[in-house]
Protein chains: 2
Amino acid sequence: MATIKDVSELAGVSQATVSRVINGTSRVSHDKKLKVEKAIKELAYKPNSIAQALAFSRTGSVGIMVPELGGPFYSGILHNMEEHLRRFGYHVVVSAGSNTEASQKESIEFLISRRVDALIVHAQNVPDDYLIQIEESGIPLVIINRFIPEMKSSCITIDNELGGKIATQYLLKMGHTDIVCITGPLDKSDARGRLQGYRNALFDAGIEYDEVLVAEASFTEESGASAMEKIIRRKCHFTAVFATNDHMALGAYEVLAEQGYSVPEQVSLIGFDDILFARYLTPKLTTMNFPIEQMSLEAVQLVIQKLGNNKCDVNFKLLPSLVVRNSVKDLLTTL
Amino acid sequence: MATIKDVSELAGVSQATVSRVINGTSRVSHDKKLKVEKAIKELAYKPNSIAQALAFSRTGSVGIMVPELGGPFYSGILHNMEEHLRRFGYHVVVSAGSNTEASQKESIEFLISRRVDALIVHAQNVPDDYLIQIEESGIPLVIINRFIPEMKSSCITIDNELGGKIATQYLLKMGHTDIVCITGPLDKSDARGRLQGYRNALFDAGIEYDEVLVAEASFTEESGASAMEKIIRRKCHFTAVFATNDHMALGAYEVLAEQGYSVPEQVSLIGFDDILFARYLTPKLTTMNFPIEQMSLEAVQLVIQKLGNNKCDVNFKLLPSLVVRNSVKDLLTTL
DNA sequence: TTGTAGGCGTTATCAA
DNA sequence: TTGATAACGCCTACAA
């Protein structure tokens with residue numbers, strides 16, 4: 001591959017002049033500029049961005065760490081972020097951090113060693129202090145879907161509590177009072193928030209919180225299924241299920257179907273996140289919309305702002321909204 | 001951030017010695033080695049991989065270009081490739097190439113300017129010559145899901161023709177003879193291959209190919225829906241639909257449902273690709289499995305081989321297989 | 001075994 | 001306006 005030296009020799013000027021032409025950093029006489037441009041064309045010269053990065057001490061890249069690249073949720077995030085970042089002239093280096101602390105740390109450190117200019121992470125398995133320390137080390141950091149009080153100006157989250165409340169209130173409005181909640185792992189703040197919203201809605205409606213109706217799962221389809229089985233074995237009465245994400249709702253749905261409970265005729269079901277196939281289920285799944293696109297955009301804007309390229313307003317706390325489809329039965333008008 | 005110079009000064013040795021300790025390239029006396037390691041710990045020194053890349057003229061990265069990052073298909077590819085590449089010590093730089101020639105070229109050139117060591121691309125919208133030229137320029141290139149005769153040792157594909165044939169033969173075996181085919185855009189080789197497989201199966205069964213039963217769409221849900229509508233408007237007789245990918249099958253399914261054809265009782269439906277939500281449809285979609293994991297693995301192995309790190313056998317042509325679920329009715333045993 | 005010095009491809013500084 | 005020349009951080013002959 002041609003280097004700047006080749007270009008300078010072909011054009012009969014110094015390397016510095018070529019560099020000036022490329023970056024437009026200072027004025028170059030018209031005829032030399034033409035010569036240089038001609039030489040660049042001729043050699044199909046492209047600046048080596050590695051060398052540029054070294055000289056600029058800036059790579060023009062943003063590292064993104066998510067637990068996994070597959071699946072509708074993270075791939076959606078990735079897709080949106082890549083699009084926005086590219087518009088700002090940055091490119092994306094991705095690393096999948098699996099679901100363990102060690103692996104997520106490794107991914108993050110890997111990206112740092114790659115000298116990304118900034119970091120956007122969806123890291124649920126590393127301690128607060130670890131992230132705080134990274135930020136203190138000087139590298140711009142944006143955390144999505146997790147709130148750390150000491151870093152509130154670096155965290156983009158959604159209001160999970162509000163989301164859980166809205167979902168539950170909708171079920172209440174439809175006449176359901178015995179509502180199962182399949183919650184995510186309670187060591188995760190988003191799972192806790194959604195459960196708290198459920199409790200708040202019940203409390204506001206004057207319904208007592210009943211532990212028998214609540215089962216903890218781990219945000220996966222399988223765990224949602226076994227949580228549903230567990231609840232059914234308890235032989236308690238319920239007319240609706242609030243699964244705090246769609247994957248678990250799917251698992252619950254399959255168990256309900258197997259055991260002969262039809263949805264929504266006998267049991268209503270509501271999910272959370274509105275992942276792609278929520279609308280392909282029969283009945284189509286009523287759920288809470290997780291504003292993935294917006295979160296991606298806000299995260300990118302925050303990163304850009306931290307990189308000093310721009311001043312834009314950033315929403316730090318996004319609002320989920322109800323997506324009504326066909327998996328919840330209205331008990332009131334039916335009666 | 002600490003540099004190798006800082007480490008060398010703290011340890012009281014030369015930079016070369018530090019470098020030797022880090023890379024283990026030659027023997028270093030035990031006590032100096034200990035001093036260096038201590039200094040590295042103390043300064044939390046991490047080699048700057050940008051500088052390493054410049055010195056080694058090798059970045060340790062592989063560029064991946066896909067039309068989009070979202071969606072189950074490409075994100076699956078990405079996920080698998082990242083996992084494998086990481087095991088070989090490479091990291092991934094992604095770029096979404098949209099669906100236009102200009103955008104895909106831009107993405108590829110962007111990755112090249114980033115000096116990735118190799119390239120894996122899913123590029124359907126650039127001419128053969130462009131890709132040939134890139135390979136000739138010396139950068140290791142692997143092309144997935146597309147066959148270019150001049151580059152046969154760089155292309156990982158599936159046997160679309162065989163897949164189309166298997167799908168159609170299955171419908172024939174189930175007693176269907178009037179089979180609609182919703183094909184992808186015929187300027188794409190995979191769409192052509194699948195259609196050809198359909199024709200071959202019909203030919204082998206002694207059934208005449210009927211253009212009235214065939215409609216071209218563009219591999220999207222919407223286009224599949226309108227192709228299905230078009231066919232229905234033709235008022236021809238059919239008992240089964242072969243959609244040459246699952247997205248179009250989904251679109252067709254919705255139109256069939258709307259217009260009162262129940263699947264599979266009145267119309268059988270078979271797709272292609274086995275994307276994630278094929279199994280969440282009701283009835284669960286019978287389809288052809290696209291071996292995404294295998295393709296990702298083969299592509300990575302081929303890249304590794306080209307990078308000279310390894311000699312492994314590579315399968316260049318992968319075989320799709322039938323996934324029987326519930327969307328095809330057996331006309332023979334039912335009668 | 002160790003250190004010096006030159007190179008990787010750019011950009012930035014400073015005279016000219 | 002231009003061109004040497006010194007960074008940027010690291011690796012690697014080569015010499016000691």
Any donor-acceptor N or O pair under 3.5 Å, side chains A/Ser29, A/Asp31:
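The answer is yes; a qualifying pair exists.
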Ignoring hydrogens and angles, state whether a donor on the side chain of B/Thr100 or B/Asn125 is under 3.5 Å from an acceptor on the partner side chain.
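B/Thr100 vs B/Asn125: no donor-acceptor pair found between side chains.
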Can you tell me how far [atom2] of [N] sits from [atom1] of [X], to the nearest Å?
X       : N      : atom1 : atom2 : value
B/Phe56 : C/dG7  : CZ    : P     : 18 Å
A/Asn48 : C/dC8  : CG    : C1'   : 9 Å
A/Arg58 : C/dT11 : CZ    : P     : 12 Å
B/Ile4  : C/dG3  : CD1   : P     : 12 Å
A/Met1  : C/dT10 : CE    : C1'   : 16 Å
B/Lys5  : C/dA5  : NZ    : P     : 14 Å

Out of A/Ile304, A/Val92, A/Ile120, which one pairs with A/Val62 under the side chain to side chain contact (heavy atoms under 4.5 Å, CB included) rule?
A/Ile120
Between B/Lys105 and B/Glu109, is there a side-chain N and carboxylate O pair less than 4.0 Å apart?
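Answer for the salt bridge query: no.
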Quick one: do B/Arg86 and A/Glu106 make a salt bridge, cutoff under 4.0 Å?
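Counted as a salt bridge, because a side-chain N and a carboxylate O are separated by less than 4.0 Å.
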Could you tell me from which nucleotide to which nucleotide of DNA chain D, 5' to 3', there is an atom under 4.0 Å from chain B heavy atoms?
D/dG9 to D/dT12
Tell me, which of residues 10-39 of chain B have any heavy atom that sits under 4.0 Å from an atom in DNA chain D?
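By residue number: B/Ala16, B/Ser19, B/Asn23.
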Check for a donor-acceptor pair, side chain of A/His122 on one end and backbone N or O of A/Val66 on the other, with a separation under 3.5 Å.
no
Give, for atom CG of A/Asn145 and atom CD1 of A/Ile292, the distance between the pair rounded to the nearest 0.5 Å.
9.5 Å
Inter- and intrachain pairs under salt bridge (Lys or Arg N to Asp or Glu O under 4.0 Å), touching residues 135-154 of chain A, at least two apart
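Matches after skipping sequence neighbours: A/Asp128-A/Arg146, A/Glu135-A/Lys306.
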